[in-house]
**Q** 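Sharing a structure, written as structure tokens. Questions coming.
Source: prediction; values computed, not measured. When reading the values below, keep in mind they use all heavy atoms of this one structure, side chains included, and skip hydrogens, waters and symmetry mates.
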Amino acid sequence: MPLSLVTSQRSAQLSPPLEVRRSGVHGRGVYATQFIPEGTRIIEYTGQRVSWEDAPNDESNPHTFNFGLESGEVINPEIGGNEARWINHCCDPNCEAIEEDDRIFIYALRDIEPGQELFYDYAMEIDEPITKKLENEFKCHCGAARCRGTMLSL
């Protein structure tokens with residue numbers, strides 16, 4: 001059996017029970033393809049690691065987010081990223097992002113049924129005063145009953 005076939009079969013067996021497709025919240029979203037129990041480590045958020053200074057900052061695309069690490073590095077999911085980059089924000093999420101050993105993992109906060117979209121609270125922090133204009137730039141479209149109206153941490 002050719003090595004590439006073995007690798008692709010192994011990757012298929014190890015891939016998380018997820019699929020990326022259109023989301024009613026924003027663009028693409030990540031959906032469970034099978035039941036995911038509360039507390040499950042679902043997927044690692046992957047990508048190129050760079051300094052904040054070298055991280056992409058495309059002001060024409062405000063919805064490309066770099067994941068900051070405690071080490072001071074940033075994960076840029078545009079290079080080497082996986083399905084986790086498409087998990088949308090929600091003010092009442094069913095997942096959370098946890099940093100472990102300089103890596104980010106997405107965990108289920110509650111049971112997730114097949115077909116449900118995965119969400120975590122981005123709770124974004126910015127280095128400038130939060131104005132109405134910035135709240136609008138980071139407007140939340142999650143539709144949760146307790147939606148705070150922005151992806152920013154208030």
**Q** Regarding Glu117 and Asn88, is there a side-chain donor-to-acceptor distance under 3.5 Å anywhere?
**A**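 Present: a donor and an acceptor within the cut-off.
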**Q** Determine whether Ile43 and Glu83 make a side-chain contact, defined as any pair of heavy atoms from C-beta on separated by less than 4.5 Å.
**A** yes
**Q** Are Pro93 and Leu118 packed together at the side-chain level, in the sense that at least one heavy-atom pair is separated by less than 4.5 angstrom?
**A**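 Answer no - side chains too far apart.
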**Q** Could you work out, with ring pair (Phe, Tyr, Trp, His ring centres under 6.0 Å) as the rule, every residue matching Phe67, not counting sequence neighbours?
**A**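 So Phe67 forms a ring pair (Phe, Tyr, Trp, His ring centres under 6.0 Å) with Tyr45.
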**Q** Compare every heavy atom of Thr46 with every heavy atom of Gly80, then report the nearest pair and how far apart it is.
**A** O-OG1, 3.2 Å
**Q** Supply the atom-to-atom distance Cys140 SG to Leu152 CG, rounded to the nearest 0.5 angstrom.
**A**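 Output value for this atom pair is 10.0 Å.
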**Q** Please give me the minimum heavy-atom distance between His89 and Cys91, naming the atom from each residue.
**A**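 Smallest interatomic distance, heavy atoms only, reads NE2-SG, 3.4 Å.
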**Q** In the structure I gave you, are the side-chain heavy atoms of Thr150 and Asn136 within less than 4.5 Å of one another anywhere?
**A** no
**Q** Rounded to the nearest 0.5 Å, what separation is found between the SG atom of Cys90 and the CE atom of Met151?
**A** 12.0 Å
**Q** Would you give the length of the straight line joining atom CD1 of Ile104 to atom CD of Glu70, rounded to the nearest 0.5 angstrom?
**A** 8.0 Å
**Q** Exactly one of Leu69, Val74, Ile79 should register a side chain to side chain contact (heavy atoms under 4.5 Å, CB included) with Arg49. Which one does?
**A**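 Exactly one option meets the side chain to side chain contact (heavy atoms under 4.5 Å, CB included) with Arg49, and it is Leu69.
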**Q** Once you round to the nearest 0.5 Å, how far does CG of Asp102 lie from OG of Ser71?
**A** 4.0 Å
**Q** Thinking salt bridges, do Asp92 and Arg148 make one under a 4.0 Å N-O criterion?
**A** no
**Q** For Ala108 and Pro37, which heavy atoms make the closest approach, and how far apart are they?
**A** CB-O, 3.5 Å
**Q** For Ile98, which fellow cluster members are found when Ile, Leu, Val, Met, Phe, Trp and Tyr are connected by side-chain heavy-atom distances below 4.5 angstrom, either directly or through intermediates?
**A** Phe105, Tyr107
**Q** Around atom CZ of Arg21, are there more than 12 heavy atoms of other residues, nucleotides or ligands at under 6.0 Å?
**A**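 Yes, the 6.0 Å shell around CZ holds more than 12 heavy atoms from other groups.
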**Q** To the nearest 0.5 Å, tell me how far Arg22 CZ sits from Arg28 CZ.
**A** 9.5 Å
**Q** Hey, any chance Met124 and Val25 share a hydrophobic cluster, counting ILVMFWY side chains that come within less than 4.5 Å of each other, even indirectly?
**A**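 No, separate clusters.
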**Q** Looking at His141 and Lys139, what are the two nearest heavy atoms and their distance?
**A**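 Taking every non-hydrogen atom into account, CD2-O, 3.7 Å.
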**Q** Find out if a path of hydrophobic residues (ILVMFWY) with successive side-chain heavy-atom gaps under 4.5 Å connects Tyr122 to Leu109.
**A** no
**Q** Are Glu128 and Leu134 side-chain neighbours, meaning at least one heavy-atom pair lies under 4.5 Å?
**A**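 Contact flag for Glu128/Leu134 side chains = yes.
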**Q** Kindly check if the number of other-residue, nucleotide or ligand heavy atoms within 6.0 Å of CD (Glu125) is above 12?
**A**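 Open: at most 12 neighbouring heavy atoms sit under 6.0 Å from CD of Glu125.
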**Q** Evaluate side-chain contact (heavy atoms from CB on, under 4.5 Å) for Ile42 paired with Ile112, printing each intermediate quantity in order.
**A** CA-CA 11 Å; Ile42 301 169; Ile112 301 170; 4.1 Å; yes
**Q** Once ring pair (Phe, Tyr, Trp, His ring centres under 6.0 Å) is applied, what residue pairs with a partner in residues 68-88 remain, sequence neighbours excluded?
**A**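 The answer is none; no pair qualifies.
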**Q** Using a 4.5 Å cut-off on heavy atoms from C-beta on, say whether the side chain of Glu44 contacts that of Arg103.
**A** yes
**Q** Linking I/L/V/M/F/W/Y whenever their side-chain heavy atoms sit closer than 4.5 Å, directly or via other members, would Tyr31 and Ile36 fall into one cluster?
**A**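 No: no chain of side-chain contacts under 4.5 Å links Tyr31 to Ile36.
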**Q** Test Ile87 against every option in Val30, Val20, Leu18 by the side chain to side chain contact (heavy atoms under 4.5 Å, CB included) rule and name the one that passes.
**A**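 Among Val30, Val20, Leu18, the one that satisfies the side chain to side chain contact (heavy atoms under 4.5 Å, CB included) with Ile87 is Val30.
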**Q** What's the separation between atom CD in Glu38 and atom CG in Asn94, rounded to the nearest 0.5 Å?
**A** 11.0 Å
